[in-house]
Amino acid sequence: MPKVALITGVTGQDGSYLAEFLLKKGYEVHGMVRRTSSFATGRIDHLRSGWGPDGKGLQLHYGDLGDGTGIRRIIEQVRPDEVYNLAAQSHVRISFDQPEYTADVVGLGALRILEALRDHNARHRRAARFYQAGSSEMFGKVVETPQRETTPFHPRSPYACAKVYGHMQTQNYREAYGLFACNGILFNHESPRRGENFVTRKITRSATRIKVGLQDKVALGNLDARRDWGFAGDYVEAMWMMLQQDKPDDYVIATGEDHTVKEFLERVFDLLKLDWRKFVEIDKRYFRPAEVDRLIGDSAKARRILGWRPRVSFDGLVTMMVESDLELAERELRSRGR
């Protein structure tokens, strides 16, 4: 019998890459999606059939991290061997505008899954495993560089605070109930599937539209923030690796190399042979009330124990995103008859 995996947040960047990865591994994969008035399955439509051990592909279930009863129902129906909690209100700046919602979905949402899974395992004498998606934002105002699993957290946003809560509850359920529960502390990871309101994708999408004449300017915030950027496709493999170990633990996943937003911006515009200074405007609305200046991860533990390594370099990531968005911009241009 194939292993069964349940992914929350399956329509997002990470969820789509993880579902694809697990289907290729021969898993039966189920995804939880929120009910909305418009379809938001563009990243996963290609996985809906012809994939997996029976060719059924990715199977979807309506659910929400704010609905504990619904989560329990899905777990009872799916009976997963592995649960990956990737769902979140994950935009840091927006979390300042929606702090209560962010805390409920990101923080209490993780707790609802943990409790449902603990109960499911106990009643059915099962040993389903759990992965909690953490974030480098939990380190916030860092006290040591680079950041590793033992670095103290100092969250600087409602999103980061909620992630810390989910992280600590995951550790608590591991220690109190013996649940096989792992925290992945993932540093920034991007791809052509990244949402367009995240700074890296905003830059590549806007720059390529500028290149073909569909856009004149792009407004950005703090260009001096330094981040450790990797490829999302590499990072989802680390999630899976964590749940294949003999013992549950927490791992930092990062490249160990940091760059400023300005450096990312320069690489993108250089690839397009444009001078970014002519097209970029700084807008204070995109600055955070409490900034996080520098995040860079030490993934030595993951490299040693999991055998994980990032495959895509920073330059490779930028090139991948620019090429994808340039193709998208050119299609958009043709659709307008220009």
Practice problem: Check salt bridge (charged side-chain N to carboxylate O under 4.0 Å, His left out) between Asp119 and all other residues, then give those that pass, not counting sequence neighbours. | Solution: Arg72, Arg123
Self-check item: For Arg267, salt bridge (charged side-chain N to carboxylate O under 4.0 Å, His left out) partners two or more places apart
Solution: Asp315
Quiz item: Taking only residues two or more places apart in sequence or in another chain, which ones pass side chain to side chain contact (heavy atoms under 4.5 Å, CB included) with Phe198?
Solution: Ser90, His91, Arg194
Self-check item: Residues that Lys3 engages under salt bridge (charged side-chain N to carboxylate O under 4.0 Å, His left out), provided they are two or more places apart
Solution: Glu82
Quiz item: According to the ring pair (Phe, Tyr, Trp, His ring centres under 6.0 Å) rule, which pairs have a member within residues 143-166, sequence neighbours left out?
Solution: Phe139-Phe153, Phe153-His167
Practice problem: Test side chain to side chain contact (heavy atoms under 4.5 Å, CB included) on Phe264 and His259 and set out the steps. | Solution: CA-CA 7 Å; Phe264 189 96; His259 300 271; 5.9 Å; no
Quiz prompt | Distance-only donor-acceptor check, side chains Gln59 and His61, under 3.5 Å | solution = no
Quiz item: Is it the case that more than 12 heavy atoms not belonging to Arg311 sit under 6.0 Å from its CZ atom?
Solution: no
Quiz prompt | Thr8: partners by side chain to side chain contact (heavy atoms under 4.5 Å, CB included), with sequence neighbours left out | solution = Met32, Leu65, Asn85, Ala87, Ile113
Quiz prompt | Donor-acceptor contact present, side-chain Ser299 to main-chain Ala302, <3.5 Å | solution = no
Exercise. Go through the structure and list residues passing ring-ring contact (aromatic ring centres under 6.0 Å, His included) with Phe231, not counting sequence neighbours.
Key: Tyr17
Quiz item: For Val252, does its backbone N or O pair with a side-chain atom of Glu149 as donor and acceptor, under 3.5 Å?
Solution: yes
Exercise. Taking side chain to side chain contact (heavy atoms under 4.5 Å, CB included) as the test, write out the residues that go with Val33, two or more places apart.
Key: Val10, Thr11, Leu60, Tyr62
Quiz item: ring pair (Phe, Tyr, Trp, His ring centres under 6.0 Å): which pairs involve residues 205-225, sequence neighbours left out?
Solution: none
Self-check item: Apart from Ile94 itself, residues in the same hydrophobic cluster as defined by side-chain heavy atoms under 4.5 Å
Solution: none
Quiz item: With sequence neighbours left out, what residues match Thr145 under side chain to side chain contact (heavy atoms under 4.5 Å, CB included)?
Solution: Val142, Gln147, Arg294, Ile296
Quiz item: Transitive ILVMFWY cluster of Met1 at side-chain heavy atoms under 4.5 Å: who else is in it?
Solution: none
